[in-house]
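Below is one structure, written out as structure tokens, with a few remarks after it.
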Amino acid sequence: MVAHLLRLKLTLLRNGLRRSPWQLVGLAFGGLYALGVVGALVVALVLLRRADPELAQTAVVLGGSAALLGWGIVPVAASAVDLTLDPARFTTSAIPMRQLLTGLALGGLIGIPGIATALVALATVWTWARGPLPAIAALVGAAVGVLSCIVLSRVVTTATASLASSRRFKDVSAIAFMVPLVLMGPIVAGVGRGVSASTGFLPELAGTLSWTPLGAAWSLGGDVAAGRPGAAALKLVIAAASLAVLSWCWKLLLERALVNPPYAGSGSRKGGKLGLFDLLPATPAGAVTARALTYWLRDPRYSGSLVVVPLLPILLVFQGSQSGDYGVLAVAAPLAAFLLAWSISADVSYDNTAFALHVATGVRGVDDRLGRALACLAFALPVVLIFAVGQYFFTGSWSELPGQLGLSLGILFTGLGLSSVVSARYTVAVPLPGDSPFKKPPGNVGQTLVVQFAGMGVLSLLVLPEVGLLIAQLVTGNAMFGWANLAVGLMLGLALFGAGIRLGGKWLDARGPELLAQLTVNR
């Protein structure tokens, strides 16, 4: 039965890759990236064989503890990702619990994360190949450590199965997962400075972790090599007992999950409240605005952008603090304007088959385009204004504010108009409603890239007047160019915004059924 579960895992992975060559390409890129990271770590562990034993012990214990902690945290943050061997699929199968646990645990090794962890863990054997006993102890510790990683991840995923079936939990966890990714640069730099400033504390931290379930398994080789077999024996007991407790917890949770599988129903909800539809005008454009705003607030594919954009100033402030020049903050407002305006260029694609409501009810194209643009403008305009004004509290160059506002507002209004045209003419492959925002379905990647880059190029040409006036102000120092830029940005931007709404609405009226057919194919 265990072998059958492993073959099932391999079959599911193989069939998933056969569905689309792009998934195979994605796996290849992911494998190459993992190979690079694993290769660097393996080389580092091999070089540690000739390093000071205390340094090697510190690096191995801290790295192993971080790996075990990561295996416990990542499943919660990435709960929206589909599991190939989801325990809920075995609710009707009479598989003995011991064999099911063994099969699911070993199945966790099949995949890029499991293979990468196993390879790096085995490299620690070479680190402690300073004698037969330390190498054997390191091998035992690596085996226990890897199994602990797999079982801990299964405990977490099984314990949060009921939460993961909740749409709200999926939305929050998917968005929360984006924050550390965006702030990866400052996080890595901060950790690096902290490590360099506390090198004397790290061996003490590793020594403490080696007596906990996090680092006990990873310290066996170092203790035996240092002539502490008694300590190694006690830590082996701690690691084995921790693995046994995790396995017991997983068994209890799995039994409960198989008897009472999580239910993803919506539950009881009180009626009578229309939310944003009550607040906005009862017109076609107002209804579309309310619907689009609801998506922005509740759909992680949209709201993810709202999380990323406020983090831009943090990244730019960090970069400015590194160089001592906060002038880089000048790109915050124009960049936010571009990102937010261009975010609705695939708005119809995100609707998917729900776009049939617009076609069936006969909503005019102009009302559809205007409603979606106003929904984005409702929060994009305050964000751009705050970014444009806020930067001058760092730089103090208030004379450049009008020009900066003109460029930012020009990009925002022009971009919204252009996006209204693009989304009415082209569809792209995007995550389906309810899917993780990280999931990229197969589609016409070539057309998507052409449309996106061509649209960005057209937008760059349309805002050339604002860019030219801003450059003239910076070169001459004449504030009149800044005020002229503010006027041009507002008037030209609003004119192009209106033209984009009308042209996009005209195209939408002419080819609404064709757009719906393309969206159906993208499923």
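We're numbering straight along the sequence, starting at 1.
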For a quick test of reading the model, state the closest non-hydrogen atom pair linking V309 to A336 and the distance between them.
CG1-CB, 4.0 Å

Could you grab the distance from atom CG of L374 to atom CG of L416, nearest 0.5 Å is fine?
9.0 Å

Nearest heavy-atom contact between G500 and V421 is O-CG2, 3.4 Å

Rounded to the nearest 0.5 Å, how far does CG of D509 lie from CZ of R364?
8.0 Å

Quick one: do S343 and W296 satisfy side-chain contact (heavy atoms from CB on, under 4.5 Å)? Show the steps, please.
CA-CA 11 Å; S343 63; W296 276 105; 3.2 Å; yes

Salt-bridge contact R369-D347 (side-chain N to carboxylate O under 4.0 Å)
no

Applying side-chain contact (heavy atoms from CB on, under 4.5 Å), run through K506 and I501 and close with a yes or a no.
CA-CA 8 Å; K506 181 179 179 181; I501 295 296; over 6 Å; no

Would you indicate whether the side-chain heavy atoms of Q404 and P334 approach each other to under 4.5 Å?
yes

Is any side-chain heavy atom of L377 closer than 4.5 Å to one of L412?
yes

Which atoms form the tightest heavy-atom contact between S408 and V384, and what is the distance?
CB-CG1, 3.6 Å

Go through the side-chain N and O atoms of S423 and R372 and say whether any donor and acceptor fall under 3.5 Å apart.
no

First locate atom CG of L486, then atom CG of L401, and finally report the distance between them rounded to the nearest 0.5 Å.
8.5 Å

Do D367 and T283 come within less than 4.5 Å of each other through their side chains, counting heavy atoms only?
no

Note: L470 and G403 closest approach over all heavy atoms is CD1-C, 3.9 Å

Do L280 and L293 come close enough that some side-chain heavy atom pair is under 4.5 Å?
yes

Side-chain contact test, heavy atoms from C-beta onward, threshold under 4.5 Å: evaluate it for T117 versus W71 and give yes or no.
yes

Is it the case that atom CE in M456 sees more than 12 heavy atoms from other parts of the structure closer than 6.0 Å?
yes

Check: G371 main-chain N/O paired with T289 side-chain donor or acceptor under 3.5 Å
yes

Flag the pair F355 / L508 as yes when at least one side-chain heavy-atom distance between them is below 4.5 Å, and no otherwise.
yes

Pair F413-L492, side-chain contact (heavy atoms from CB on, under 4.5 Å): steps then yes or no
CA-CA 9 Å; F413 289 117; L492 181 60; over 6 Å; no

Here the gap from L464 atom CG to E466 atom CD, rounded to the nearest 0.5 Å, amounts to 8.5 Å

Would you name the heavy atoms of F497 and A373 that are closest together and state the gap between them?
CE1-CB, 3.7 Å

Rounding to 0.5 Å, atoms OG (S420) and CD1 (I344) come to a distance of 4.5 Å

Please list, chain by chain and in numerical order, all residues satisfying side chain to side chain donor-acceptor pair (under 3.5 Å) with R502, sequence neighbours excluded.
none

Closest non-hydrogen contact found for P465 with L462 is CD-O, 3.6 Å

Would you say the side chain of I150 lies within less than 4.5 Å of the side chain of W250, judging by non-hydrogen atoms?
no

Working for side-chain contact (heavy atoms from CB on, under 4.5 Å), residues L385 and L405:
CA-CA 7 Å; L385 292 176; L405 280 175; 3.8 Å; yes

L418 and W342, any side-chain heavy atoms less than 4.5 Å apart
yes

Of L474, I471, T476, the one forming a side-chain contact (heavy atoms from CB on, under 4.5 Å) with F481 is T476

Would you find a donor on one side and an acceptor on the other, under 3.5 Å apart, between the side chain of N485 and the backbone of G406?
no

To the nearest 0.5 Å, what is the distance between CD (E400) and CG (L407)?
12.0 Å

